[in-house]
Amino acid sequence: MEKLDRVRVASLQYFIRPVSSFEEFEAQAVGHIATAADYKCQLLVFPEYFSVQLLSLTASTSSIRDQVRILAREAPRFVVAMSAAAKKYGLYVIAGTIPVEDAGEIKNRAYFFSPQGGVEFQDKTAHDAF
């Protein structure tokens with residue numbers, strides 16, 4: 001890991017609006033990553049719940065629990081997309097949280113992506129999970 005004397009951090013506000021596809025969501029997120037890279041940032045921090053934008057892809061008549069389980073199915077695509085973008089643009093990304101299913105249990109997981117393609121995560125505590 002390189003030694004950094006200074007780190008330029010970008011944190012962003014994220015307007016959560018309906019999307020019609022995962023690809024539309026991905027394009028918006030990657031656009032923010034590209035902009036942070038243009039500003040020579042080394043770290044980009046997304047808002048914690050920005051992935052809830054993907055709930056617009058589920059039926060709003062479903063219960064919130066069902067919607068969260070459906071959203072958890074998008075977690076693998078989310079990880080691949082965010083990891084690829086962090087690597088392509090050469091910065092660290094804290095990508096908020098997204099629900100994941102782990103051994104039948106839904107957890108709210110925060111991901112950290114490195115410019116080398118590494119992926120780390122931290123689960124929220126059980127009482128904060130869905």
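What you see below is based on every heavy atom in this structure, not just the backbone, and it leaves out hydrogens, waters and symmetry mates.
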Looking only at heavy atoms, which two atoms of [X] and [Y] are closest? And how far apart?
X: Met82; Y: Ala95; answer: CE-CB, 3.7 Å
X: Ile106; Y: Ala72; answer: CD1-CB, 4.0 Å
X: Leu12; Y: Pro47; answer: O-CG, 3.4 Å
X: Phe78; Y: Phe22; answer: N-CZ, 3.6 Å
X: Ala75; Y: Ile98; answer: CA-CD1, 3.9 Å

Distance in Å, [X] [atom1] paired with [Y] [atom2], rounded so as to fall on 0.5 Å steps:
X: Lys107; Y: Asp102; atom1: NZ; atom2: CG; answer: 4.0 Å
X: Leu55; Y: Gln67; atom1: CG; atom2: CD; answer: 5.5 Å
X: Phe46; Y: Thr97; atom1: CZ; atom2: OG1; answer: 12.5 Å
X: Glu120; Y: Arg109; atom1: CD; atom2: CZ; answer: 11.5 Å
X: Ile64; Y: Leu71; atom1: CD1; atom2: CG; answer: 9.0 Å

Could you point out which residue of Glu74, Glu26, Arg77 forms a side chain to side chain contact (heavy atoms under 4.5 Å, CB included) with Leu54?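 Filter result, single survivor: Glu74.
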
Tell me, please, which residues at least two apart from [X] pass side chain to side chain donor-acceptor pair (under 3.5 Å).
X: Glu24; result: Ser20
X: Arg73; result: none
X: Gln53; result: Tyr14, Gln28
X: Ser114; result: Gln116

Do Val80 and Phe121 share a hydrophobic cluster, counting only Ile, Leu, Val, Met, Phe, Trp and Tyr and linking them when any side-chain heavy atoms are less than 4.5 Å apart? no

Are the side chains of Ile16 and Tyr49 in touch, meaning some heavy atoms are under 4.5 Å apart?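 They are not in contact (no side-chain heavy atoms under 4.5 Å apart), so the answer is no.
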
Report yes if the side chains of Asn108 and Glu48 come closer than 4.5 Å at any heavy-atom pair, otherwise no. yes

Polar side-chain atom of Ser11 near backbone of Val45 as donor-acceptor pair, under 3.5 Å: no

Sequence-distant partners of Val119, side-chain contact (heavy atoms from CB on, under 4.5 Å), two or more places apart: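 Per chain and number, Val119 pairs via side-chain contact (heavy atoms from CB on, under 4.5 Å) with Val79, Ser83, Tyr111, Phe113.
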
Sorted by chain and residue number, the side-chain contact (heavy atoms from CB on, under 4.5 Å) partners of Tyr39 (sequence neighbours excluded) come out as Thr35, Cys41

Between Leu91 and Ile33, is the side chain to side chain contact (heavy atoms under 4.5 Å, CB included) condition met? List the steps. CA-CA 8 Å; Leu91 66 151; Ile33 294 170; 3.8 Å; yes

